[in-house]
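Contents: one structure, followed by commentary.
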There are 2 protein chains.
Amino acid sequence: MQELQSKTYPIGTFAKKIGLSASTIRYYEREGLLKSHRDHAGRRYFTNSDIDWVKFLLHLKGTGMRIQELKQYVQWRAQGDATIPDRLALLKETQDNFRQRFREVQHHLEILNDKIAWYEAKERGNVNNQEPFQDYLNRLGHSE
Amino acid sequence: MQELQSKTYPIGTFAKKIGLSASTIRYYEREGLLKSHRDHAGRRYFTNSDIDWVKFLLHLKGTGMRIQELKQYVQWRAQGDATIPDRLALLKETQDNFRQRFREVQHHLEILNDKIAWYEAKERGNVNNQEPFQDYLNRLGHSE
DNA sequence: GTACAACTTAAAGTGGACTTTAAGTCAACA
DNA sequence: TGTTGACTTAAAGTCCACTTTAAGTTGTAC
């Protein structure tokens, strides 16, 4: 247990554990998204809580936050609890943007699904499938 | 009715109608995603069915297809019904990729939501909120 | 007839997120 | 002791999807 907590990893191992390249880790560090520890020879090493931290960053990144926004978030975090409202505002904005894009891509997917269904009908040689895709969409109420 | 069908638009008007810039339209044309008609002076003009076409392309693009894939799709389309299986395969691959990423971003969102809730609890000054975020996630069963 | 806006082209530039390169350091192993 | 292999740095390069620039043409409005 103690051992697990205190385990450390060189950059290559760390990178593999989180599914990024060592170069990307260095890039993230340059951008201020994370900090590394250094051994006596100047080589980076990382801990299990660094893994948690990067995974969390990747979740935020996955909801659409850009590197600069993550950087801002990290800076606020370093400034202590006084910046919690700022951080919260940033995360909520991200959440809103995400929900907006979510609705949009759902509609894109609907059209993609419809097109696939339309092709499949056409491929099965449905005699009446001379119907143009736009008409088909209209019929489904999926146009626009 | 006849009028609506035969209405044409210069590139600026067309661009506005579909929410792209005129430059982007020209870029898409260069990339082979669409064709324009030309007037006697060599200027592009577009029809209502061009609008439908670009909107459809944007739906595909919105599900994650890249310009080169859209180009491939357009080329197959120009080759006639013999390429329907190819087109269908491309669209289904897009659909699969989309579903995969969809699941991923849903998880990213879940973590974002949890983090927001955690900050809100902290902000409300919940006395017991010295709980680290990781522990909070574990408690919710949302870790990883 | 001249000003103006909207168009035309080819080519260069941009932004974001990495990725690669070049040159070097270091520690462990045969 | 010498050769790997993993690391170090700063800087340049890449990819994608546009966007901007520069120089020129055209149709309409005054």
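In the text below, chain A, chain B and the rest are named by the order of the sequence lines, each starting its count at 1. Source: prediction; values computed, not measured.
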In terms of side-chain heavy atoms, does A:T94 have a donor or acceptor partner in A:N97 at a distance below 3.5 Å?
no
Apply side chain to side chain contact (heavy atoms under 4.5 Å, CB included) to the pair A:R44 and A:F46, showing each step before the final yes or no.
CA-CA 7 Å; A:R44 291 172 182 82; A:F46 300 87; 3.8 Å; yes
Name every residue in residues 89-105 of chain B that has at least one heavy atom under 4.0 Å from any atom of DNA chain C, in order of residue number, or write none if there are no such residues.
none
A cation-pi test, strictly: NZ or CZ of B:R87 under 6.0 Å from the centre of the six-membered ring of A:W118 and no more than 45 degrees from its axis. Yes or no?
no
Before you tell me yes or no, could you show the steps for B:D86 and B:Q79 under side chain to side chain contact (heavy atoms under 4.5 Å, CB included), namely the whole-Å CA-CA distance, both residues' side-chain angles and the distance that decides it to 0.1 Å?
CA-CA 11 Å; B:D86 299 301; B:Q79 289 164 28; over 6 Å; no
Contacts satisfying salt bridge (charged side-chain N to carboxylate O under 4.0 Å, His left out) that involve residues 98-110 of chain B (not counting sequence neighbours) are none
Rounded off to whole Å, could you give me the CD1-to-C1' distance for the B:I11 and D:dG27 pair?
17 Å
Of residues 59-66 of chain A, the positions that come close to DNA chain C - non-hydrogen atoms, cut-off under 4.0 Å
A:K61, A:R66
First and last nt of DNA chain C near chain B, cut-off under 4.0 Å to heavy atoms, 5' to 3', are C:dC7 to C:dT9
For B:S143, the side chain to side chain donor-acceptor pair (under 3.5 Å) test, sequence neighbours excluded, returns B:N138
Could you work out, with salt bridge (charged side-chain N to carboxylate O under 4.0 Å, His left out) as the rule, every residue matching A:R38, not counting sequence neighbours?
A:E29
Sorted by chain and number, sequence neighbours left out, ring-ring contact (aromatic ring centres under 6.0 Å, His included) with B:Y27 holds for none
If the cut-off is 4.0 Å, is A:R44 near the phosphate of D:dT8, judged by side-chain N/O to OP1 or OP2?
yes
Within residues 19-39 of chain A, residues whose heavy atoms come under 4.0 Å of DNA chain C
A:S21, A:S23, A:T24, A:Y27, A:Y28, A:R30
Side-chain donor-acceptor pairs of residues 10-19 of chain B under 3.5 Å, sequence neighbours excluded:
none

Once ring pair (Phe, Tyr, Trp, His ring centres under 6.0 Å) is applied, what residue pairs with a partner in residues 65-107 of chain B remain, sequence neighbours excluded?
A:H59-B:H107, A:F102-B:F102, B:F98-B:F102
Which residues satisfy the ring-ring contact (aromatic ring centres under 6.0 Å, His included) test with B:H37, sequence neighbours excluded?
B:Y45
Please round to the nearest 0.5 Å and tell me the distance separating atom CD of A:Q72 and atom CD1 of A:I67.
14.0 Å
Can you name the salt bridge (charged side-chain N to carboxylate O under 4.0 Å, His left out) partners of A:D96, sequence neighbours left out?
none
Taking the nucleotide of DNA chain D with the closest heavy atom to each, which residue, B:I67 or B:H40, is nearer the 5' end?
B:I67
Whole-Å distance separating the CZ atom of A:R43 from the P atom of D:dA6
12 Å
